Amino acid sequence: MADKGKKAGFATRAIHDGQEPEKLTGAVSVPIYATSTYAQDGLGEPRQGYEYARVTNPTRDRLETNLASLEGGVAAKVFASGMASINALYTTLKAGDHVVCSNNVYGGVPRLFNQILTKFGLEFDYVDPSDVKAFKKAIRKNTKWIHIETPTNPLMTLTDIAAVTEMAHKRDVQVVVDNTFMSPYFQKPISLGADMVMHSTTKFLNGHSDGLGGVLVCTTQEQADQLAFIQKSQGAIMSPFESWLILRGVKTLAVRMEKHNENGQAVAEFLADHKKVKKVYYPGLPSHPQHDLAKHQMTGFGSMITFESGSLNNAKKLLKRVQMCTLGESLGGVETLISHPATMTHAALGVEGRKEIGLTDGMVRISVGIENVEDIIRDLDQALSGM
Ligand SMILES: Cc1ncc(COP(=O)(O)O)c(C=O)c1O
């Protein structure tokens, strides 16, 4: 429907693109095609190209159409998890190729790079995400991709997407942006020059903490063809049920993100004023060193907040005392989740790795949900009082 005349708005496309009523019955919810194979009309005559579910599935196709529309790409390819999608991208490379990555990304990313992909001859360097010159300096003749996550997990550092992509394109290097924290509602990396966008769909796109997934949104048909080949050959595809969960979740993405943003700002301001909190990392606060860049490159600040409790012991006490806020990994669900990056999401970096990027044992990360914000603040207040 969004293709008729003027391009429809974001919320409309989230609900309608790829989500058209099913032709046979008119079902308004995309059916879950729970099938491993498809009857063929004759030898070499598959119906509408469907042969085997590892290669294509109609529910998955619908989700890929939807996510490509929301990010402004030409196509999207979905995988079994965010990590499976990152792995898929880098297995399009060959031994001897080089990737420059931000030094602060989700902890599982350097684990994949350093402990697995280097064994196949890929090379990685890590640089300060806020420093365009550092990315430039790290580029070599064999550099193929720059991998950035903005804002970063968990330090909430921003990378200037337009500046990095402009610099990279002059050197024939492509840029992929992990847009998990912002969702396409608040940040559109392709419109800023990115060559590919990646998400852990497990987070805001799904929004309900009930399924794992990942997506790569492509800007060229060549990228999409390569990734379709990886889906078919490696097989780490998203299941029809998980695809459906995201199709359902994404219908409310616009309203959820507005509420996440409103609650995120209120919680960040509460924490910033609290005497027991040493420092708050949130791009929506004027105290964030890249607040101006955040206002320029994002249309909202989201609901991911990291704060400094002062010590591992303080963090432990606080996390023991929270009641409504749930201690757990992950983010982007409707419920407020609270976690300890040093021992949870970023444990794989090791003590030295965390020290290098300034990730302390006292840091606590919150994914602010869409509950009544006064209840979130009351819970945090009582938890902080016991620190
Ligand atoms: C920013 C970011 N990217 C990627 C991932 C990996 O995604 P998944 O857990 O779906 O494999 C995560 C997981 O927390 C994440 O936070």
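As the structure lists them, so they are numbered: ligands from 1, and atoms in each ligand from 1. A quick note: this is a predicted structure, and the numbers were derived from the prediction, not measured.
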Ion pair R140/D125, N-O distance below 4.0 Å
yes
Please work out which of S85, S200, A80 has its closest non-hydrogen atom nearest to atom 7 (O) of ligand 1.
S200
Going by the angle between their ring planes, with limits at 30° and 60°, are Y38 and Y50 parallel, tilted or perpendicular?
tilted
Under a 4.0 Å threshold between the charged nitrogen and the carboxylate oxygen, would R378 count as salt-bridged to D381?
no
H16 vs E20, side-chain contact (heavy atoms from CB on, under 4.5 Å): CA-CA, chis, key distance, verdict
CA-CA 6 Å; H16 293 283; E20 299 82 3; 5.9 Å; no
Polar contacts were defined as any N/O atom of the residue lying under 3.5 Å from an N/O atom of the ligand; does this apply to M83 and ligand 1?
yes
Write out the residue and atom name of the closest protein heavy atom to atom 1 (C) of ligand 1, then the distance separating them to 0.1 Å.
D178 OD2, 3.4 Å
Protein heavy-atom partner closest to atom 16 (O) of ligand 1 - residue, atom, separation in Å
N153 ND2, 3.2 Å
Tightest non-hydrogen contact, residues F124 and T118, listed as CD1-CG2, 3.9 Å
Taking N or O atoms only and a 3.5 Å limit, does E149 qualify as a polar contact for ligand 1?
no
Taking heavy atoms and a distance under 4.0 Å, where does E329 meet ligand 1: side chain, backbone, both or neither?
neither
N or O contact, G82 vs ligand 1, cut-off under 3.5 Å
yes
Taking the non-hydrogen atoms of K203, is any one of them nearer than 4.0 angstrom to ligand 1?
yes
Of the options K295, H288, H291, which is the one that meets P283 in a side chain to side chain contact (heavy atoms under 4.5 Å, CB included)?
H288
Quick look: L331 vs ligand 1, heavy-atom contacts under 4.0 Å, and the answer is side chain
Heavy-atom pair of closest approach, residues F181 and L331
CE1-CD2, 3.7 Å
Show me which atoms of ligand 1 lie under 4.0 Å from any heavy atom of T202.
10 (O)
Below 4.0 Å from ligand 1: does a non-hydrogen atom of V109 turn up there or not?
no
In plain terms, say whether E64 and K77 are close enough for a salt bridge, that is, a side-chain N and a carboxylate O under 4.0 Å apart.
yes
If we only consider heavy atoms of A84, is any one of them less than 4.0 Å away from an atom in ligand 1?
no
Would you name the heavy atoms of S385 and R321 that are closest together and state the gap between them?
OG-NH2, 3.6 Å
How far is atom 5 (C) of ligand 1 from the closest protein heavy atom, and which atom is that?
Y106 CD2, 3.4 Å
